[in-house]
Amino acid sequence: MILSVRDLPQHVGEEATVRGWLYNLRSKGKIHFLQVRDGTGIVQGVVGKGDVPDPAFAACEGIPQESSVVVTGAVRADARAPGGVELHLRDVQVIQRSEPYPIALQSHGPDFLLRHRHLWLRSRKPWATLRVRHQVIRAIRDFFDSQGFTNVDAPIFTPAACEGTTTLFEVKYFDEGNAYLTQSGQLYIEAAAMSLGKVYCFGPVFRAERSKTRKHLTEFWMVEPEVAYATLPDIMDLAEGLIVAIAARVLENCREELKVLERDPAPLEKIRKPFPRLTHAEAVKRVNARGVAMAADDDFGAPQEEALVQGEERPVMVYRWPSAIKAFYMKRDPADPAVALGVDVIAPEGFGEVIGGGQREDDLAKLLERIEAEKLPKEAFEWYLDLRRYGTVPHGGFGLGLERTVQWMCGTEHIRETVPFPRMLYRICP
RNA sequence: UCCCCGGUAGCUCAAUUGGUAGAGUAGCGGACUGUUAAUCCGUGGGUUGGAGGUUCGAGCCCUCCCCGGGGAGCCA
């Protein structure tokens with residue numbers, strides 16, 4: 001019976017066939033230990049001289065690492081085996097003898113590993129990280145789907161910028177001139193929210209910023225919910241609920257993966273409601289009190305962010321921002337136009353901003369005013385302005401960066417490890 | 001775009017004051033019936049990122065270039 005390594009403990013005493021790759025081989029003369037991985041786990045196969053015909057035994061000698069193998073044998077419980085069970089092999093088929101495998105069971109530098117990303121994916125930590133990533137994606141979709149949201153995806157090719165063109169990748173688009181790779185689906189799902197009420201888009205976005213840090217990718221995935229009739233407090237509750245749901249899902253389904261990643265689950269267990277909520281003004285006061293300079297109309301730089309979350313076990317929500325440093329579409333407080341009804345969520349443990357969002361400007365006249373003040377091309381936004389001409393309502397949403405969230409959950413040093421094939425300033429291969 | 005650090009064997013690194021470039025690992029050959037990154041013996045492997053300069057002599061010092069890493073800004 002063909003079985004997954006993961007399921008072997010339920011089949012002790014039976015015979016099983018495992019199809020996978022040779023993770024490591026240890027030979028001790030008349031006994032071979034073959035560690036075989038199949039995507040669900042690693043199992044140790046044991047074959048002693050005399051257990052199988054001599055040619056079969058000899059065939060096990062010197063099988064290179066990562067050779068594709070199909071092994072068959074009796075499942076036995078054995079405390080000496082990693083994982084608690086092992087296979088006493090009666091048959092070993094080598095599907096392909098691997099050429100000498102570049103990634104050894106030793107340390108490698110980041111440049112080497114990234115150049116071999118297509119092979120590095122097979123290693124333990126990338127394996128665990130991709131599985132956590134999958135669970136985070138599932139948690140996000142389940143969270144929204146179970147609350148009556150409809151998934152409406154936004155286009156990747158867009159005709160113009162959301163917020164200026166300096167950070168956009170430009171591509172040729174037939175006879176239409178230049179198109180740009182989207183940096184956010186927000187404007188489009190605002191339209192969809194006026195149709196379906198509660199919507200989210202979830203897909204890749206692109207930023208042509210020349211960032212070179214452990215928190216940035218040029219291509220990353222973002223989930224963006226948008227809710228009709230939602231106000232800033234609704235959006236903050238939604239963001240809080242989503243993050244709590246993600247952390248709970250990872251803790252429930254990824255214990256083994258966290259262990260492989262050497263990620264202490266304790267900080268994730270502390271991610272519970274309520275999150276501390278500070279207005280931008282209160283946050284500035286806190287940062288200054290902790291000895292880091294910050295003006296009332298400043299955005300958070302790296303040191304300010306660090307001071308803000310110092311000592312916090314939960315994410316910190318900063319809301320009511322100076323309108324001057326927020327995007328044109330963000331709604332101003334009608335009672336105080338100097339304040340924008342935005343919210344950022346800063347993760348603890350130095351993982352930084354994972355969410356940015358808020359309430360949108362729903363008043364046509366004020367939106368026009370903002371577009372003119374920022375000298376944005378009005379024609380490009382005509383369709384967007386239509387949303388305010390035909391049945392405008394208060395509404396809002398946010399964007400959550402998938403990779404930063406995965407990085408946080410996994411405790412990963414660098415964001416490039418949270419995506420299968422990272423795209424960065426100086427790296428586009430493989 | 002700016003600041004800092006690095007580039008030596010396939011990989012990870014060492015090389016004292018400027019004085020014959022070395023180890024582990026991977027590879028190859030051999031030994032070993034419970035290995036846990038197995039161990040032990042033997043063995044091949046180098047345009048020291050590139051170009052120029054200083055010097056009797058440069059992996060090491062100087063100049064320029066290339067590549068990578070970390071950080072800032074920007075943001076998710």
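Chain letters run A, B, ... following the sequence lines, proteins first, then strands; residues in each count from 1.
- With B:U1, B:G34, B:A76 as the candidates, the nucleotide lying closest to the side chain of A:R210 is B:U1.
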Using atom types as modelled, flag every donor-acceptor pair under 3.5 Å from a side chain in residues 295-304 of chain A to any protein atom, sequence neighbours excluded.
from   : atom 1 : to     : atom 2 : distance (Å)
A:D298 : OD2    : A:A295 : N      : 3.1
A:Q304 : OE1    : A:G301 : N      : 2.9
A:Q304 : NE2    : A:A293 : O      : 3.0

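- For A:D142, the salt bridge (Lys or Arg N to Asp or Glu O under 4.0 Å) criterion is met by A:R249, not counting sequence neighbours.
- Residue pairs that meet the ring pair (Phe, Tyr, Trp, His ring centres under 6.0 Å) test with at least one member in residues 47-77 of chain A, sequence neighbours left out, are A:H32-A:F57.
- With the nearest nucleotide of RNA chain B identified for both A:W221 and A:P303, A:P303 has the one nearer the 5' end.
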Under 3.5 Å, which N/O atoms of the protein pair with N/O atoms of nucleotides 8-11 of chain B?
from  : atom 1 : to     : atom 2 : distance (Å)
B:C11 : O2'    : A:Q106 : NE2    : 3.2
B:C11 : O2'    : A:H108 : ND1    : 2.5
B:C11 : O2     : A:Q106 : NE2    : 2.9

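- With B:G73, B:G70, B:U35 as the choices, the nucleotide that has an atom nearest any side-chain atom of A:R80 turns out to be B:U35.
- Partner of A:S4 under the side chain to side chain contact (heavy atoms under 4.5 Å, CB included) criterion, out of A:V43, A:T40, A:V18: A:T40 alone.
- Applying the ring pair (Phe, Tyr, Trp, His ring centres under 6.0 Å) definition to pairs two or more places apart or across chains, none involves residues 8-28 of chain A.
- For RNA chain B, each stem of at least three Watson-Crick or G-U pairs (distances under 3.5 Å) is given as range with range: B:1-7 with B:66-72, B:10-13 with B:22-25, B:27-31 with B:39-43, B:49-53 with B:61-65.
- Ranking B:U35, B:C75, B:G27 by closeness to the A:H216 side chain, first place goes to B:C75.
- The nucleotide whose nearest atom lies closest to any side-chain atom of A:K30 is, among B:U33, B:G73, B:G34, B:U33.
- Counting only residues at least two apart or on different chains, the side chain to side chain donor-acceptor pair (under 3.5 Å) pairs with a member in residues 230-239 of chain A are A:T231-A:D234, A:D237-A:R277.
- Counting non-hydrogen atoms under 4.0 angstrom, A:Y426 reaches the backbone sugars and phosphates but no base.
- Contacts classified as side chain to side chain donor-acceptor pair (under 3.5 Å) and involving residues 63-85 of chain A (residues at least two apart or in different chains) are given here: A:T17-A:T72, A:R37-A:E66, A:E66-A:R122, A:R76-A:H88, A:D78-A:R80.
- For the salt bridge (Lys or Arg N to Asp or Glu O under 4.0 Å) test, no residue two or more places apart in sequence or in another chain qualifies with A:E282.
- Listed in residue order, the members of residues 5-28 of chain A having a heavy atom less than 4.0 Å from RNA chain B are A:N24, A:R26, A:S27, A:K28.
- Checking B:C75, B:G69, B:G34 against the side-chain heavy atoms of A:F33 singles out B:G34 as nearest.
- Residues that satisfy the salt bridge (Lys or Arg N to Asp or Glu O under 4.0 Å) test with A:D362, not counting sequence neighbours, are A:K331.
- Of the two residues contacting RNA chain B, namely A:L114 and A:A81, the nearest-nucleotide position lying further toward the 5' end is that of A:A81.
- A donor-acceptor contact under 3.5 Å is formed by the side chain of A:E86 with the base of B:G34.
- Within the structure, every pair that satisfies the salt bridge (charged side-chain N to carboxylate O under 4.0 Å, His left out) test and touches residues 337-348 of chain A, not counting sequence neighbours, is listed here: A:K326-A:D344.
- Scanning atom types as modelled, one donor and one acceptor separated by under 3.5 angstrom connect the side chain of A:S211 and the base of B:C74.
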